[in-house]
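Notes for the one structure printed next.
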Amino acid sequence: MVTYAINHLQCQFLCHQICTVLVPQIPSRHQFPLLTTKLKITVLKSIGFVRWVILKKPWKHYTALKNVNLIQELTVLFCSFVLILKSLEVGKKVRSIIDDNGIAIDGVLGGKLVFMYVTCGELKEGRRVFDKIDNEKVFLWNLMMNEYSKIGKFKESMHLFKKMINLGIEVDSYTFSCVLKCLAVVGSVKEGELAHGYLLKLGFGHNNIVVNSLISFYFKHGRVENARKLFDELNVRDVVSWNCMISGYITNGMAEKGLQVFKEMLCLGFDADLATMVTVLSGCANRGAPMLGRAVHAFAVKACFYKEITFDNTLLDMYSKCGDLHAAVRVFEKIENKSVVSWTSMIAGYTRKGISDGAIRLFRGMVREGVEPDVFTITSILHACACDGLLEIGKDVHNYIKENDMQSSLYVSNALMDMYAKCGSMEDAQLVFSQMPVKDIVSWNTMIGGYSKNCFPNEALNLFVTMLQELEPDGVTMACILPACASLAALQRGREIHGYILRHGFSSDRHVANAIVDMYVKCGVLVLARLLFDMIPAKDLVSWTVMIAGYGMHGFGSEAISTFNEMRKAGIEPDEVSFISVLYACSHSGLVDEGWRFFNIMRYECNIEPKLEHYACMVDLLSRTGYLSKAYRFIEMMPIAPDATIWGCLLSGCRIHHNVKLAEKVAEHVFELEPENTGYYVLLANIYAEAEKWEEVNKLREKISRRGLKKNPGCSWIEIKGKVNIFVAGGSAHPQAKKIGSLLKRLRLKMEEEGYSPKTRYALINSDEMEKEAALCGHSEKSAMAFGILSLPPGKTIRVTKNLRVCCDCHEMAKFISKNARREILLRDSNRFHHFKDGHCSCRGFW
DNA sequence: TTAGGGTTAG
């Protein structure tokens, strides 16, 4: 801030000058942009001075200025300045001057204060003042209503409207404009029609501002005919009326008609204005209509709109949203004075394309150029961090948010939580969530979805219950909570939520429909999933991908492939995720040739560069089917660095095919990349155990305990009558543990009678056979299956979920039970589903 | 006070 060296007399003089000379010269906010550059500089200098006067309060020392009237005049003036400065800091100083001097807040000063607070983003304080003063100015009521609708509190805005009607305050056209805007979002058509009747009664039927808003209202509710009728009946159509029609048609999916109105408007000699261009272009962007967008671009260039920054920004956004990032970049590069909007649109464009590093490069570029990021920019850059899991950069952005006091923006806080959730840091997300004074539905959904996806299904379900006490969930909530049921394989819970969805009419939402299919797939009810999938009227890429992945998970490789082909026939192009699903399906069914075929289709036909996940599927496929050295060479040839998962797939393959020598070589890579992951040590230990290399097993054991690593305990659960029963490996804490134990013993005897011998090599214990057998009996999935037999009526499928991969002995026993006790068993392990029936498993040995 | 950029869903 500039400081002013000033003595007592000068201060007195300057304060006098402010009141007598400057006051009449202060332009209003609206006049300011119209001033000449020279005048603007003069005003800005004065503002700099006044800012200093306010912050330093030099008048405190002068009796002459302690005159209350003078201070009151000054404060009114200061409020006006704050409106230009938009600085809450200065605004607060003004307030303290008022309070310190005991100045009464009357209508004039109160009104100024309200306007000042609202402009500085302190709506709450503005409302407090607003409520205190006797206010009959319709302008202030409109202001408050507009502010509430800007932050999405449409109900509060409507509440104010009712209040002003009750107080008998005369409404104007802007009041109706705001009311209709609110009703467009939260109201029903019926309420809008009531407002329509009311405004006709008050004589606003020919007021363009009101009728234009009414047209927009009907369009937003899809009542195209009503909107058209109003437009046709308008005596005098202004450019806004035309713009409303164009935008209305485009957003209702009638882009052609919108363009027709646009042409008609031009033919009738109406001049399209900037808003027309912006409306048409943003309509093209939202509908994904680049052809129309390009035509408008050409027209606008002829009409010289391209010099307007707003136009350029909309144009670049249109290209970016229509997927043509190159065209967007060309527009961006031509903009001479890039505004914060230009930069943000470009950043959002890169993020949309998944080029997070490009987005971050742009972000740094804009800061370098001295363009200050605003809440929109911050939200976009957080999204880029979220997409790429860039936690450290995300944390830097969080610091920037704190320094610049941006947390109060719901968009910012929500994007921040989403970033933390997607980067896997739910503690940080929870911290942001708990500190938010106001939360909206997106905040709740983000947290619930975050917990669901980060393997905290219970936290997600608990938060969902809390949410129900606070606000109504929406379709997105459903799509966020269902994966929690899916990850728990909590079929009962999932069914309840499915019921809730049906009762509340969320089932027509495609995201919800997809999530339901996914939930039933992961809860093991594949047939129902397929049925519900078939019922989705317009399946999107996600619907198909869920189904393909579902077949893969259940070991139906050829069904997954035919669904994939069906999808392409339906005209839906696969993306990288759907290729992961089909490759995964191939690997879980041992379909080597088909796997290669899809890998090549992806690369050469669809031009999708394989990512780590795709390579992992291929390595998995080769390893499972015994092509171990081929898999090794494949990894070595990879153009990107393999991660531990990829080497881990090969290590699993080494176990299946008992290749100890290669396993040792592969394990070196795995341990180097993920030295803390106990699972891989256990895997190698099992490979040694199966080869009866007990010395090596012990060495590994020592290594594990030296490093202080603990084996992730095996844990299985089974849902009986909605209650989840959990079994831990070797545990006997369950109330029915004894019964379960004796049932398992009986089963084991029967198995031996029929020639099965226990697969003791999988026990990872180097002791006598008896102890090994006891350890095998204690495996959590066996206990859960036995509990299922004891608790469920005959003939009912037993559904068990396990946190780790199923062991071979348990797998054998499940096969036996399915034949001997005539029970279907559905076992979901950490990798896939095993469906046991009549002594066979759907995995056919691939797991 | 018709008009440009941003958050949740495989």
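All chains are named by letter (A, B, ...) in the order of the sequence lines, taking the proteins before the strands, and each is independently numbered beginning at 1.
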Closest listed nucleotide, where the reference is the side chain of A:Asp273 and the choices are B:dT8, B:dA3, B:dT2:
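Of B:dT8, B:dA3, B:dT2, B:dT2 is nearest to the side chain of A:Asp273.
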Just call it for [X]: base, sugar-phosphate, or nothing, with non-hydrogen atoms closer than 4.0 Å on any strand.
X	value
A:Val341	base
A:Val375	base
A:Lys453	sugar-phosphate
A:Thr477	nothing
A:Asn212	nothing
A:Asn243	base
A:Ser578	base

Report yes or no: is there a donor-acceptor pair, N or O only, under 3.5 Å between the side chain of [X] and the base of [N]?
X	N	value
A:Asp374	B:dG6	no
A:Asp575	B:dG10	yes
A:Ser345	B:dG5	no
A:Ser380	B:dG6	no

Measuring from A:Glu459:CD to A:Ser452:OG, what's the distance to the nearest 0.5 Å?
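The distance works out to 10.0 Å.
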Distance between P atoms of B:dT1 and B:dG5 (Å, rounded)
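Their P atoms lie roughly 16 Å apart.
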Is the distance from OP1 or OP2 of [N] to the nearest side-chain N or O of [X] less than 4.0 Å?
X	N	answer
A:Ser241	B:dT2	no
A:His383	B:dT8	yes
A:Lys522	B:dG10	no
A:Lys321	B:dG6	yes
A:Lys338	B:dG5	no

Rounded to whole Å, please give me the gap between CG in A:Leu362 and P in B:dG5.
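In whole Å, B:dG5 P and A:Leu362 CG are 18 Å from each other.
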Got a sec: does the CG of A:Asp232 have more than 12 other heavy atoms crowding it under 6.0 Å?
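Atom CG in A:Asp232 is packed in, count exceeds 12.
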